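Structure first, commentary second.
Heavy atoms only: backbone and side chains are in, while hydrogens, waters and symmetry mates are out. Throughout, protein chains are lettered first and strands after them, A, B, ... in sequence-line order, and every chain is numbered starting at 1. Values in this document were obtained by computation on a predicted structure and should not be read as measured data.
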Protein chains: 2
Amino acid sequence: MEEQKKRILLVEDDPNFGTVLKDYLMMNDYEVTHAKNGMEGFEKFKKDDFDLCILDVMMPYKDGFTLAKEIREKNTDVPIIFLTAKTMKEDVLRGYKVGADDYLNKPFDSEVLLMKIKAIIQRKATETISDSKQFEFKIGKFDLNSKLRFLRFDAGEPVKLSPKENELLRLLALHENDLMPRELALTKIWRDDNYFTSRSMDVYIAKLRKYLKLDEKVEILNIHGEGFRLVINN
Amino acid sequence: MEEQKKRILLVEDDPNFGTVLKDYLMMNDYEVTHAKNGMEGFEKFKKDDFDLCILDVMMPYKDGFTLAKEIREKNTDVPIIFLTAKTMKEDVLRGYKVGADDYLNKPFDSEVLLMKIKAIIQRKATETISDSKQFEFKIGKFDLNSKLRFLRFDAGEPVKLSPKENELLRLLALHENDLMPRELALTKIWRDDNYFTSRSMDVYIAKLRKYLKLDEKVEILNIHGEGFRLVINN
DNA sequence: CTTCTCTTTTAACCTTACATTAACAAAAAC
DNA sequence: GTTTTTGTTAATGTAAGGTTAAAAGAGAAG
């Protein structure tokens, strides 16, 4: 079976360590892009699609967490592994908040890192069955382009959607006629689950309903305690 | 937000540590079943549905890895976290091989464990559940979709069911024409068995009967002192 | 640095949905 | 005939969701 090499973005400011790690990963059949600081890391991230990011936490100018936040704004899915110099609890917790998939304490065992990489990439691969690269949806008489973030009714003037509106509608569309669990949206879009983010989400549901009113065949139904359902009647 | 408590199976042979950890998790809103060894752990696993397993590696008779293998044979999805006494590389690698989601070295920080639990359970929630089979039932002229929680008569307008109505009808449908023991519903749905939950269940039976009246061939019979029976006459 | 604009969150208030409890009637068991 | 179990309806309390508006952030432009 012909298998596409997985692409890793490695952001590590220590040139010695970075180079060694890069070479090690490449020897294990990954395609590695090495950035020497947060700034550069973000630039490279924007330019390419990666299957995984490995970020050093301690870096001058822009630390790993800040970089992760920026990356998350662009891409809610890409797995992130943090490298922390020592096991500081605050770091670990902060990492999870930003949506880390894992973290490793330096010095770490390279085989363990490989295992983690494998496990994480595999996990994503199974998750990403259908929602891989879907950015255009037909929703009744609407067209949603979630890459450009606009919603067009009946081939008319497109309305611009805010990032959150867009993500939420996209999630709903991905589950058209099916349940889109509340939890899913909260974890994928808001990455946090408390009373207020939950209310925030409800506010966005209201906004979307307003947009979608133009087509009376399209509606967002609530399933009490579970989530929402985008239905298209005919 | 009425959120169903997540259920954790904790297998830990050290009674002191096990009890403390159990209490800590329960204080943080998890429902915890504590097994004192691998054997017991597997028995409890078979009996119930868990959202997460936390397994101690070092246990007499049946170690955590062996238990994990057995669990994996029953269930390929449930997340597993290992607790290892010290960071032995072989253990870590072996853990990943068996399909661990994470591992923690004792002693560990309890807050970190909580974060990991949260992250892992959220991750699972993300993976879309689309086993339509177990959720759709034909009951006489009715269609029950117990994932979307609606009941439709004769291809007409669907009626929304409340969570309890839905679960109860689903249980009855699973035992169609057969006895559905009272106790089964009480333990599976209400997870509690006392005078009042029992009365509550009767109230729901009445509700379901009302819905099902539309098809005179469908009825819920009582078997005194035993339970109920969903029968479809022809 | 300030202002303007767009986005998101927080707050408030109201409605709907749900589960439980109580009360009483009916049926079954003994 | 008395006790226990079940059938049913209504009342209550709480939680979740709908909606709107104001506050708070964030970024761009002046």
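Judged by closest nucleotide on DNA chain C, A:Lys207 is the one of A:Lys207 and A:Phe196 placed further toward the 5' end.
If you take CG of A:Leu186 and C1' of C:dT8, they are 14 Å apart, rounded to a whole angstrom. In this structure, A:Tyr195 atom OH and C:dT10 atom C1' are separated by 9 Å, rounded to whole Å. Taking atom CG of residue B:Asp202 and atom P of nucleotide C:dT21, one finds them 14 Å apart after rounding to whole Å. Rounded to whole Å, the distance from CE on A:Met201 to P on D:dT19 is 14 Å. Summarising the geometry, the separation between CZ on B:Arg199 and C1' on D:dT5 is reported as 8 Å, rounded to the nearest angstrom. A straight line from CZ of A:Arg182 to C1' of D:dG17 spans 7 Å, rounded to a whole angstrom. Between the C1' atom of D:dT8 and the CG atom of B:Leu212 lies a distance of 16 Å, rounded to the nearest Å. If you measure from atom CG of A:Asn194 to atom P of C:dT9, you get 10 Å, rounded to the nearest angstrom.
Between B:Trp190 and C:dA19 there is no side-chain N or O to OP1 or OP2 distance below 4.0 Å.
When heavy atoms are screened at a 4.0 angstrom cut-off, B:Lys160 is found touching no nucleic acid atom at all.
Not counting sequence neighbours, the partners of A:Arg152 by the side-chain hydrogen bond (donor to acceptor under 3.5 Å, both in side chains) test are A:Asp143. With sequence neighbours excluded, no residue forms a side chain to side chain contact (heavy atoms under 4.5 Å, CB included) with B:Thr187. Applying the side chain to side chain contact (heavy atoms under 4.5 Å, CB included) test to A:Lys47 and every residue at least two apart in sequence or in another chain returns nothing. B:Arg182 pairs by the side-chain hydrogen bond (donor to acceptor under 3.5 Å, both in side chains) definition with B:Ser198, B:Asp202, not counting sequence neighbours. For B:Pro79, the side chain to side chain contact (heavy atoms under 4.5 Å, CB included) criterion is met by B:Leu52, B:Asp101, B:Ile120, B:Lys124, not counting sequence neighbours. Remark: B:Asp49 pairs with no residue by the side chain to side chain contact (heavy atoms under 4.5 Å, CB included) rule, at least two apart or across chains. For B:Phe153, the ring pair (Phe, Tyr, Trp, His ring centres under 6.0 Å) test picks out B:Phe142, with sequence neighbours left out.
Note on B:Glu12 versus B:Lys36: no salt bridge recorded, every NZ/NE/NH1/NH2 to OD/OE distance being 4.0 Å or above. By the 4.0 Å N-to-carboxylate-O rule, A:Arg7 lies close enough to A:Asp48 to be salt-bridged with it.
In terms of heavy-atom proximity, A:Lys44 sits nearest to A:Phe50 at O-CE1, 3.5 Å.
Within residues 162-173 of chain B, the residues that place at least one heavy atom under 4.0 Å from DNA chain C are, in residue-number order, B:Ser162, B:Pro163, B:Lys164. Of the residues in residues 219-229 of chain B, those with a non-hydrogen atom less than 4.0 angstrom from any atom of DNA chain D are B:Asn222, B:His224, B:Gly225, B:Phe228.
Candidate nucleotides D:dT9, C:dT21, C:dT9 were compared by shortest atom distance to the side chain of B:Ser200, and C:dT21 ranks first.
The C1' atoms of five pairs define one axis at each end of the helix from C:dC1-D:dG30 to C:dC30-D:dG1, and these two axes lie 30° apart (to 10°).
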List the atom pairs, donor and acceptor, that lie under 3.5 Å between side-chain atoms in residues 217-227 of chain A and the rest of the protein, sequence neighbours left out.
unit_1	atom_1	unit_2	atom_2	d
A:Glu219	OE2	A:Asn233	ND2	3.1
A:Asn222	OD1	A:His224	N	3.3
A:Asn222	ND2	A:Gly227	O	3.3

Scan the side chains in residues 170-177 of chain B for donor-acceptor partners under 3.5 Å anywhere in the protein, sequence neighbours excluded, and list what turns up.
unit_1	atom_1	unit_2	atom_2	d
B:Asn177	OD1	B:Ile232	N	3.3

